[in-house]
Amino acid sequence: MKVLVVNCGSSSLKYQLFDMDRQACMARGNVERVGTAEAFIVHRPDGADKVRRDVEAADHEQAMKYVFECLVDPRIGVISDLAEISAIGHRVVHGGEKFAGSVLINGAVMQALEDCQDLAPLHNPPNIMGIEACRRLMPDLPMVGVFDTAFHQTMPKEAYLYGLGYDMYTKYGVRRYGFHGTSHRYVSARAAEILGRPVEELCTVTCHLGNGSSLAAVKHGESIDTSMGFTPLEGLVMGTRSGDIDPAIVSFLCEKLGRSASEVVLGYLNKSSGVLGLSGGLSNDFRDLEQAAGRGHELAKLALDVFAYRVVKYIGAYAAAMGQLDVIVFTAGVGENSAEMRARICSRLSGFGISIDPEKNNVRGSEQIISTPTSRATVMVVPTNEEAMIARDTAEIVSRLGARS
Ligand code: ADP
């Protein structure tokens with residue numbers, strides 16, 4: 001079975017075609033600057049060089065046409081007929097409380113997605129556009145929605161409610177939802193697999209550390225808490241996001257900066273804060289910050305320390321929430337690649353008997369246990385693979401469909 005995975009942003013469309021029988025990615029690519037005159041597609045068949053073409057993609061539907069064209073192109077394509085594709089899996093950011101797992105997309109699901117729009121006004125509209133484009137182009141193809149929020153729907157009320165009036169939750173859905181769920185689900189399950197232990201036995205903290213970062217407390221295979229909340233702004237200090245702050249700072253900054261609340265939240269707290277802001281505007285890229293800190297740049301070092309401290313604080317909180325801590329998993333851009341950041345974080349956990357081996361920690365982007373044999377928790381690097389997870393869910397749902405018909 002071949003499954004196409006699609007991930008639409010406001011001006012981008014990323015895709016990967018999987019051969020599920022071989023569990024292999026056949027081709028991947030992205031269309032950038034969708035909706036502008038400078039749109040282009042970059043397509044890379046597995047094991048071959050990437051190809052870049054300028055395209056006319058005024059919207060996601062036109063962009064999708066180029067994706068299909070590339071996939072069947074006699075020179076750079078990887079299939080001879082679009083009919084070889086059995087299903088499309090779509091990444092959807094916000095499923096609200098309606099989706100605790102991946103679903104086959106139908107009219108009712110589309111309506112439920114529309115209903116979630118005001119919870120994720122930045123992310124869901126492009127996801128919906130992508131689904132609609134594919135449905136128009138391939139009306140008979142089964143499509144599956146895989147939600148960033150779904151894995152965290154197992155959080156208990158005590159973890160997902162804010163200390164606000166209960167009616168804010170019942171009337172407006174103000175609660176913690178969490179994001180990066182597909183990644184937390186994938187790496188927690190993969191870590192258990194690598195360790196040869198059933199997930200049902202493990203209490204794991206998964207650290208998805210990238211430009212956007214979140215932690216999850218995964219107890220016996222279920223997310224019981226996660227650091228992002230109503231929006232991805234809550235929790236860790238991130239590349240450009242502030243993470244947790246005293247909410248009173250918003251109105252204080254509105255006055256001081258002469259800006260509206262939405263300008264402060266969507267602009268300042270989301271785009272100009274985090275390690276970018278802390279480093280005095282130097283960079284939100286952890287490679288730049290690590291290099292600058294190495295040269296003695298004080299604010300770069302401070303930004304990295306604040307970032308690591310917040311991660312450590314959440315690991316401690318989640319160990320307490322789960323009552324046990326067996327595994328810590330590092331994943332995503334920083335978690336997979338930065339031995340320095342992993343060391344910065346783990347050195348602060350030595351008081352709890354957690355220790356990593358510097359030689360084993362010297363790894364980039366591959367699966368590895370980095371803790372010492374005597375460490376009280378196993379510390380691991382597990383590269384995330386959200387696309388493979390989306391493909392797997394899609395294939396599973398579509399196979400069940402076939403079995404029923
Ligand atoms: P997102 O998906 O949220 O955009 P990623 O998971 O791709 O983010 O992570 C991007 C981050 O990973 C960047 O800040 C980048 O600096 C960081 N990163 C990538 N490689 C390294 C490395 N070798 N050392 C430190 N940081 C790295």
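Atoms within a ligand are numbered from 1 in the order they appear, just like the ligands themselves. Only a predicted model underlies this, so the values are computations on that prediction, with no experimental measurement involved.
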- For atom 2 (O) of ligand 1, state whether the nearest protein heavy atom is under 4.0 Å away. no

Please write down residue, atom name and distance for the protein heavy atom closest to [atom].
atom	answer
atom 17 (C) of ligand 1	V334 CG2, 3.7 Å
atom 16 (O) of ligand 1	D285 OD1, 2.4 Å
atom 8 (O) of ligand 1	N211 N, 3.1 Å
atom 24 (N) of ligand 1	R287 CG, 3.5 Å
atom 5 (P) of ligand 1	G333 N, 3.8 Å
atom 23 (N) of ligand 1	N337 CB, 3.4 Å

- Side chain or backbone of R364 under 4.0 Å from ligand 1, or both, or neither, by non-hydrogen atoms? side chain

- Within reach of ligand 1, part of N284 (heavy-atom separation under 4.0 Å): backbone

- Carefully, step by step, assess E84 and S80 under the rule side chain to side chain donor-acceptor pair (under 3.5 Å). CA-CA 8 Å; E84 288 179 46; S80 48; 3.0 Å; yes

Electrostatic pair [X]:[Y] at N-O distance under 4.0 angstrom:
X	Y	answer
D115	K98	yes
R52	D54	yes
E340	R344	yes
E234	R241	no
D225	R176	yes
E387	R91	no
R190	E193	yes

- Message: Can you name the atoms of ligand 1, numbered from 1 with element, that are less than 4.0 Å from a heavy atom of G212?
- Response: 3 (O)

- Which atoms of ligand 1 are found less than 4.0 Å from any heavy atom of F286? 14 (O), 16 (O), 26 (N)

- Message: Please confirm whether M238 approaches ligand 1 to less than 4.0 Å, judged on its heavy atoms.
- Response: no

- Item | S375 side chain to I354 backbone, donor-acceptor under 3.5 Å | no

- Query: Given S338, A339, G365, which one has a non-hydrogen atom that is nearest to atom 25 (C) of ligand 1?
  - Reply: S338

